[in-house]
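Reviewing the structure listed below.
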Amino acid sequence: MKTVRVRVAPSPTGDPHVGTAYIGLFDYVFARSRNGKFILRIEDTDRTRSTPESEQAIMESLRWVGLQWDEGPDVGGDYGPYRQSERSEIYRAHTQMLLEADKAYRCFCTPERLTEMRDRQRKEKLPPKYDGRCRELKPEEIENNLSEGKPFVVRLRIPPHGYVSFTDKIRGLVQIATEQIDDQVLLKSDGFPTYHLANVVDDHLMEITHVIRAEEWISSTPKHVLLYEAFGWEMPQFIHMPLLRNTDKSKISKRKNPVSLLWYKDQGYMPEALLNFLGNMGWSFSDGREIFSLDEMIADFSWDRVGTTGPVFDITKLDWMNGMYVRQLSPEKLTSRLLETALAGRDVGRERLLRIAPLIQERITKFSAEEFDAMSDFFFIGADQLEYDPGLLAPKKTEPADVAPALQKMRERFDALDAWETQPMEDAIRALADEIGWKAGSLFMCVRIAVTGRKATPPLLESMVILGKDESLKRMDNAIEKAQALL
RNA sequence: GGCCCCAUCGUCCAGCCUGGCCCAGGACACAGGAUUUUCGAUCCUGGAACGAGGGUUCGAAUCCCUCUGGGGUCACCA
């Protein structure tokens, strides 16, 4: 059995895309499950749009989610170079082979003529297709054009009749009439190959056994099949994964969905969760579980369980899943993640955070500064910086005038406590509530506002322990003062 | 528009290949309840789908056909 070799082949033209991680995940999982190789190939044949920054970001993001490749531009390998812009000679030589075998031809048509041609075809409601003007140029004409230095492209000569078919591993037989296929440009006038040529040549030379890519490529696969045939090469297995969708079912896009992996990182999503979420798109674990690690997915993976319907990318479920992952973290790991993501660049002491983090663990869904602050900013400011509406201090169904005296008594009881621990505090609160005829919950809320300035907080008593007695009492004092205004 | 792909709860999936165990199961979200010092987490309960029409069959979510719907693609972009 041949060694499984798969590749993910992003084009470095912008932010790293979730779709790349999605396809990469299945490449990776399949390769690992079959003891194969996972390769990263950079398809930078579009000279105007490709940038080194984008390539860098793609590699960093793929590593961030945890998909490490065995061969690639940075780590090398026996089938390099892995950057298409460095393989120009290879494509030129292969184009030459095709030209000599008359499987391809030079086309001297100008872009202007082609645009005009398509406009005409559209007007006449004909399918837009190259009209074949240069298909049968005489050798002399070609020589002339060449010596005049006219720019040209090389097109694949598609047989005018017949059918092309291929078997997709998860979809079955796909067949199409060659009339439907255009004489695809293989080599652009700038000497660079198009996706189609480079892709086929590289997949063959790199001995790729399974071409895993998105559904949007199905319609160009017949061209690739014809190319393999023209070269006389063995065909890889084709597997077209379903396309990730927006809510309106269209192909996932920037305008309707966060699509950049950088965004997910910034938002504080855990890469494990993102990958797990992606693993549930189009694939399902054999026992139905939805939370699984990469290794578990590898152990259970099979193409039989890959579906063909395009899943809507619904971030709501990702949020839930991320929350599940967050809650599984140990206090130490939780603290580390917070420090390196939500709190990156802030001066927060690790020891103190180690005590706070567990209190907010089940209250945040991701490691964003927003969520962290919403939950715990009161820990990081002084008593005098605490701002809130004094009205909040008064519980429902109590006389506003009673609030200040109640807080005053509470402060005294707190101050008299032998130990600044949760149990004595709770006892004191309940006892006082009883004495003044308040519901315990009301007194809790009153103190909560006094100490945190918020209605929704982490557990109050634990928070006060962390704040310390002095700080807590100071906040009580300020609250008493504010409560005077309620009279 | 041509061609191609797809079609189960609002969403993600299971079931379909090898018809009956499915008046369709799980998860997210939503609603209600329990618990609780708030929020959250947790637990319980609930509503919620086989696109339509024809076949085949004793029997169809499952097989076949048509229609409808959605999507992709038709570049010297990938």
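Being a predicted model, the structure only gives us computed values, none of them experimental. So you know, we letter chains A, B, ... as the sequences are listed, proteins then strands, and number each from 1.
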With sequence neighbours left out, the residues meeting side-chain contact (heavy atoms from CB on, under 4.5 Å) with A/Lys129 are A/Asp182

Are any of A/Thr13's side-chain N or O atoms less than 4.0 Å away from OP1 or OP2 of B/rA78? no

Residues pairing under salt bridge (charged side-chain N to carboxylate O under 4.0 Å, His left out) where one sits in residues 309-322 of chain A, two or more places apart or in two chains, turn out to be A/Glu290-A/Lys317

Under a 4.0 Å heavy-atom cutoff, the residues of residues 116-129 of chain A touching RNA chain B are A/Arg118, A/Pro128

Sort me out a list of protein N/O and nucleotides 68-72 of chain B N/O pairs below 3.5 Å, or just none if empty.
{"from": "B/rG71", "atom 1": "O4'", "to": "A/Arg245", "atom 2": "NH1", "distance (Å)": "3.3"}
{"from": "B/rG71", "atom 1": "O2'", "to": "A/Arg245", "atom 2": "NH1", "distance (Å)": "2.9"}
{"from": "B/rG71", "atom 1": "O2'", "to": "A/Arg245", "atom 2": "NH2", "distance (Å)": "3.4"}
{"from": "B/rG72", "atom 1": "OP1", "to": "A/Lys251", "atom 2": "N", "distance (Å)": "3.0"}

Dot-bracket assigned to RNA chain B with the 3.5 Å Watson-Crick/G-U criterion, [ ] for crossing and | for other-strand pairs, is (((((((..((((......[....)))).(((((.......)))))....(((((..]....))))))))))))....

Residue pairs meeting side-chain hydrogen bond (donor to acceptor under 3.5 Å, both in side chains), one or both in residues 271-283 of chain A, sequence neighbours left out, come to A/Glu272-A/Arg337, A/Asn276-A/Tyr325

The side-chain contact (heavy atoms from CB on, under 4.5 Å) partners of A/Glu89 (sequence neighbours excluded) come to A/Arg92

Sorted by chain and number, sequence neighbours left out, ring-ring contact (aromatic ring centres under 6.0 Å, His included) with A/Trp303 holds for A/Phe30, A/Phe301

Mind listing the N/O atom pairs, protein and nucleotides 42-50 of chain B, below 3.5 Å?
{"from": "B/rU42", "atom 1": "OP1", "to": "A/Arg327", "atom 2": "NH1", "distance (Å)": "3.4"}

Hits for side chain to side chain donor-acceptor pair (under 3.5 Å) against A/Arg448, two or more places apart or cross-chain, chain-then-number order -> A/Thr457

Query raised in the report: At under 4.0 Å, does any side-chain N or O of A/Arg454 touch on OP1 or OP2 of B/rC39?
Result: no

Across all chains, not counting sequence neighbours, the side-chain contact (heavy atoms from CB on, under 4.5 Å) partners of A/Thr20 are A/Val8, A/Pro10, A/His17, A/Leu62

Check: Taking atom P in both B/rC50 and B/rA61, what distance in whole Å separates the two?
Finding: 11 Å

What residues 432-446 of chain A contributes to the RNA chain B interface at heavy-atom separation below 4.0 Å is A/Phe444, A/Met445

### Query
For the residue pair A/Phe313 and A/Phe277, is the inter-centroid distance of their aromatic rings smaller than 6.0 Å?
yes

If you compare every side-chain N and O of A/Arg47 against the phosphate oxygens of B/rC77 (OP1, OP2), does one of them come in below 4.0 Å? no

